[in-house]
Amino acid sequence: MTDIATHLKINDTFNKELPADPILENTRRQVEKAAFSYATPKKTAQPKLVSVSKETAELIGLSMEDTQTDSFLQVFTGNKVLEGTKPYAMCYGGHQFGHWAGQLGDGRAINLAEVNHKGKNWALQLKGAGPTPYSRNADGLAVLRSSIREFLCSEAMYHLGVPTTRALSLALTGDEVMRDVLYNGNSAYEKGAVVCRVAPSFIRFGNFEIFASRRDNETIKQLADYTIKHHYPHLGEPSKETYIAFLKEVSERTLKMIVHWQRVGFVHGVMNTDNLSILGLTIDYGPYGWLEGYDHGWTPNTTDNQQKRYRYENQPDIGLWNLLKLANALYPLIEEAAPLEAILHEYKAAYAPAYQEMMKAKLGLDKDYAEDAALIQQLEEALHLTETDMTIFFRNLANFKKETNIDSAVDKNFLNPVLAAFYKPEELTGNILVHWKGWFKNYAARLKAASLDDAARKAEMNAVNPKYVLRNYMAQVAIDAADTGDYSVINDFLELLRQPYAEQPAMEKWFAKRPEWARHKVGCSMLSCSS
Ligand code: AMP
Ligand code: MG
């Protein structure tokens with residue numbers, strides 16, 4: 001019988017080089033002066049593998065054949081601990097919705113091990129594998145619904161070219177888990193599941209903040225030195241300058257990640273500092289969502305309904321807010337505010353040009369032309385006038401011909417290439433039509449001034465404007481099918497989202513506006529943190 005351990009090259013560093021919690025009992029408590037606590041995954045009743053990402057398996061050196069073994073199933077549902085490994089839960093804190101929340105930690109994530117493949121180290125982490133010292137008053141488990149969402153979206157984001165943690169496998173545990181989906185007193189049993197996540201590291205901003213909050217400068221230094229040694233080795237030996245350079249690069253990576261989110265219309269939903277990766281990876285797929293109607297004020301997270309702190313347009317500012325908290329946590333290592341403030345100012349200054357560059361790419365405009373800000377703003381205004389599907393609009397805009405004569409176009413014919421993006425085309429009259437006409441005239445004029453012909457521009461636009469994203473209702477379609485025992489939709493979507501920029505004629509039905517039934521349905525446009 002295959003032992004999956006023989007196919008994995010274990011190379012633990014985090015739990016070997018950083019201070020461990022000396023208490024071994026799995027009891028819920030405050031953990032001081034330790035980067036992690038040992039924790040063993042809970043055994044599951046009847047594990048069943050639902051889906052595997054081939055690309056992520058390859059990252060860690062496993063073939064698809066390896067993933068179909070019983071040994072794989074037992075290890076990646078937590079039933080068997082890999083020989084020579086000591087699974088653990090990380091200690092971190094965080095600012096949640098703008099407020100310091102104290103110790104949080106891996107309450108329902110257990111790191112199995114790090115493995116090395118082709119010279120790279122990958123941490124393997126089970127999400128939903130039972131309680132740890134950080135579980136507070138919750139159960140450490142995850143339900144199938146949220147696990148499908150995490151599994152599919154991690155891989156979809158990777159294929160979209162967005163920095164992200166990865167997902168190796170999705171498995172049912174066979175256990176039942178009690179959840180109150182909308183926090184309204186209606187609890188019910190749901191199927192339990194476990195996702196194995198993979199990333200170079202799962203360290204978050206909050207890992208640094210927890211020690212800063214306790215004035216534990218020694219552990220902050222240990223953690224910073226570890227992070228730089230393994231994940232930012234090009235920055236050199238630890239020193240004040242290195243810590244400054246470290247914050248600078250984290251800031252640049254965070255900005256880059258958020259610009260990608262804006263490009264594809266991804267709204268994270270819970271950008272608390274414990275959900276921001278120190279590597280600039282999208283992490284913790286909870287109540288995230290995708291812009292359907294292009295609406296800068298939208299957030300999928302019902303828990304954030306009042307303030308909408310984590311709405312689409314606020315993501316860049318929240319990135320900065322979170323970096324300020326990280327800078328505060330690193331301050332004891334630097335003891336000088338000016339270089340830290342300079343980094344935060346640079347983030348602020350860099351965002352607008354980065355956003356402009358990204359939007360120009362979406363519009364097929366060349367980079368070195370300074371006059372496009374007004375055109376972009378005019379478009380954003382137009383997109384808000386009547387509900388317009390972001391993905392369809394940008395994808396189909398590539399079919400616009402620059403020689404189109406907008407003035408002599410009959411009625412609204414000039415909108416034909418993008419007509420499918422409008423939820424209520426009948427609203428395209430009066431001022432709304434005038435606005436669109438104005439924008440398309442400016443756009444056509446701009447395209448004529450550029451050197452690209454229509455075909456070349458289309459190819460460039462199609463490489464940045466995805467055809468397929470994990471629309472909110474699609475995740476729910478996969479979940480509803482899985483609830484009836486049909487897991488094929490998960491695998492269909494995994495396949496579809498492998499090539500989000502390609503035309504896939506057989507899958508065209510997923511290049512469509514959200515159906516009306518999904519507009520206010522729980523799970524489609526309304527999601528809570530209950531998972
Ligand atoms: P999240 O909102 O998923 O980022 O989680 C915030 C904090 O709550 C983290 O410390 C999680 O580990 C913890 N948490 C969330 N759900 C659970 C759960 N079911 N059991 C234990 N801890 C949880
Ligand atoms: Mg989290």
Side-chain angles (χ1 to χ4, degrees), residues 26-31 35-37 39 41-42 44 78 87-111 123 125-147 149-151 153-154 164-165 167 173 175-181 183 187-195 197 199 201-210 213 267-279 281-289 299-304 309-310 318 322 325 527-531:
N26 197 347
T27 52
R28 292 145 202 223
R29 57 204 150 78
Q30 293 294 306
V31 175
F36 65 92
S37 306
K42 182 178 175 282
T44 60
Y88 59 95
M90 289 184 183
C91 180
Y92 56 80
H95 279 84
Q96 296 185 315
F97 298 96
H99 304 282
W100 176 243
Q103 178 181 296
L104 298 166
D106 285 333
R108 55 148 166 203
I110 295 182
N111 299 275
Q125 183 184 81
L126 297 186
K127 188 163 175 180
T132 75
Y134 309 97
S135 298
R136 295 176 290 160
N137 51 8
D139 56 12
L141 302 174
V143 293
L144 179 59
R145 154 175 67 80
S146 65
S147 304
R149 287 172 49 83
E150 169 127 24
F151 177 78
C153 202
S154 311
T164 179
T165 61
T173 59
D175 296 306
E176 301 256 273
V177 176
M178 180 74 95
R179 284 292 180 270
D180 182 355
V181 180
Y183 298 130
S187 295
Y189 278 111
E190 298 186 42
K191 289 181 191 174
V194 173
V195 169
R197 308 197 283 193
S201 169
F202 290 97
I203 299 174
R204 303 135 191 275
F205 289 12
N207 290 69
F208 295 87
E209 287 179 280
I210 187 69
S213 78
V267 185
H268 183 285
V270 208
M271 288 178 74
N272 294 333
T273 55
D274 52 303
N275 290 338
L276 258 86
S277 143
I278 203 70
L279 302 182
L281 304 173
T282 312
I283 190 173
D284 279 10
Y285 291 89
Y288 67 81
T299 177
N301 187 354
T302 53
T303 315
D304 189 22
R309 178 180 171 87
Y310 298 138
I318 292 292
N322 289 348
K325 299 298 162 195
L527 293 140
S528 74
C529 291
S530 169
S531 51

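Note that ligands are numbered from 1 as they come in the structure, with each ligand's atoms numbered from 1 the same way.
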Tell me, do Asp106 and Asn111 make a side-chain contact under 4.5 Å, heavy atoms counted?
yes
In Å and rounded to the nearest 0.5 Å, what is the CD1 to CZ distance from Ile318 to Arg309?
4.0 Å
The closest protein heavy-atom partner of atom 20 (N) of ligand 1 is Gly140 N, 2.7 Å
Ligand 1 atoms in contact with Asp139 (distance to a heavy atom under 4.0 Å):
18 (C), 19 (N), 20 (N)
Contact flag Asp274/the Mg ion (ligand 2), N/O/S atoms, threshold under 2.8 Å
no
What's the spacing between Phe202 CZ and Leu281 CG if we round to 0.5 Å?
9.0 Å
May I ask you to check whether Asn275 brings an N, O or S atom to under 2.8 Å from the Mg ion (ligand 2)?
yes
Just wondering, do Lys325 and Trp100 contact through their side chains at under 4.5 Å, heavy atoms?
no
Looking at the Mg ion (ligand 2), which N/O/S atom of Asp284 is the nearest one?
OD2
Atom 23 (C) of ligand 1: which protein heavy atom is closest, and how many Å away?
Arg108 CG, 3.9 Å
Do His95 and Asn322 touch side chain to side chain, with heavy atoms closer than 4.5 Å?
no
Would Asn275 count as a contact of ligand 1 if the rule is a heavy atom under 4.0 Å away?
yes
Tell me whether the count of non-hydrogen atoms from other residues, nucleotides or ligands lying under 6.0 Å of OH in Tyr189 goes above 12.
no
Please round to the nearest 0.5 Å and tell me the distance separating atom CG of Asp274 and atom OH of Tyr92.
5.5 Å
For ligand 1, is Lys127 a contact, meaning one of its heavy atoms is under 4.0 Å away?
no
For ligand 1, which atoms, with element, lie under 4.0 Å from some heavy atom of Arg179?
19 (N)
May I ask you to test the Arg204-Asn275 pair for a side-chain heavy-atom distance under 4.5 Å?
yes
Going by the atom numbers of ligand 1, which of them fall below 4.0 Å from some non-hydrogen atom of Leu141?
19 (N)
Taking both backbone and side-chain atoms of Tyr134, is any N or O found less than 3.5 Å from an N or O belonging to ligand 1?
no
As an exercise, identify every atom of ligand 1 less than 4.0 angstrom from a heavy atom of Leu104.
10 (O)
Non-hydrogen side-chain atoms of Arg28 and Arg136 separated by less than 4.5 Å
no
Between Cys529 and ligand 1, does any nitrogen or oxygen pair lie at a separation below 3.5 Å?
no
Among side-chain atoms of Tyr285 and Thr164, is any donor-acceptor pair under 3.5 angstrom?
yes
Roughly how far, to the nearest 0.5 Å, is the CG atom of Leu527 from the CZ atom of Arg145?
8.5 Å
Heavy-atom nearest neighbour in the protein, as seen from atom 18 (C) of ligand 1, with distance rounded to 0.1 Å:
Ala138 CB, 3.5 Å
Point-to-point distance, once rounded to the nearest 0.5 Å, from CD1 of Ile278 to OG of Ser201:
8.5 Å
Non-hydrogen atoms of Gly286 versus ligand 1: any pair closer than 4.0 Å?
no
The answer for which part of Gln103 has a heavy atom under 4.0 Å from ligand 1 is neither
I'd like to check whether Gly107 has a polar contact with ligand 1, where a contact means an N/O of the residue lying under 3.5 Å from an N/O of the ligand.
yes
For Asp284, which part has a heavy atom under 4.0 Å from ligand 1: side chain, backbone, both, or neither?
side chain
Starting from atom 13 (C) of ligand 1, what is the nearest protein heavy atom, named by residue and atom, and what distance separates them?
Arg136 NH2, 3.5 Å
Filtering Gly105, Gly94, Ser531 for the heavy atom nearest atom 10 (O) of ligand 1 leaves Gly105
Please indicate, with yes or no, if any protein heavy atom is found under 4.0 Å from atom 5 (O) of ligand 1?
no
How about Asn301 and Thr299: does a side-chain donor come under 3.5 Å of a side-chain acceptor?
no
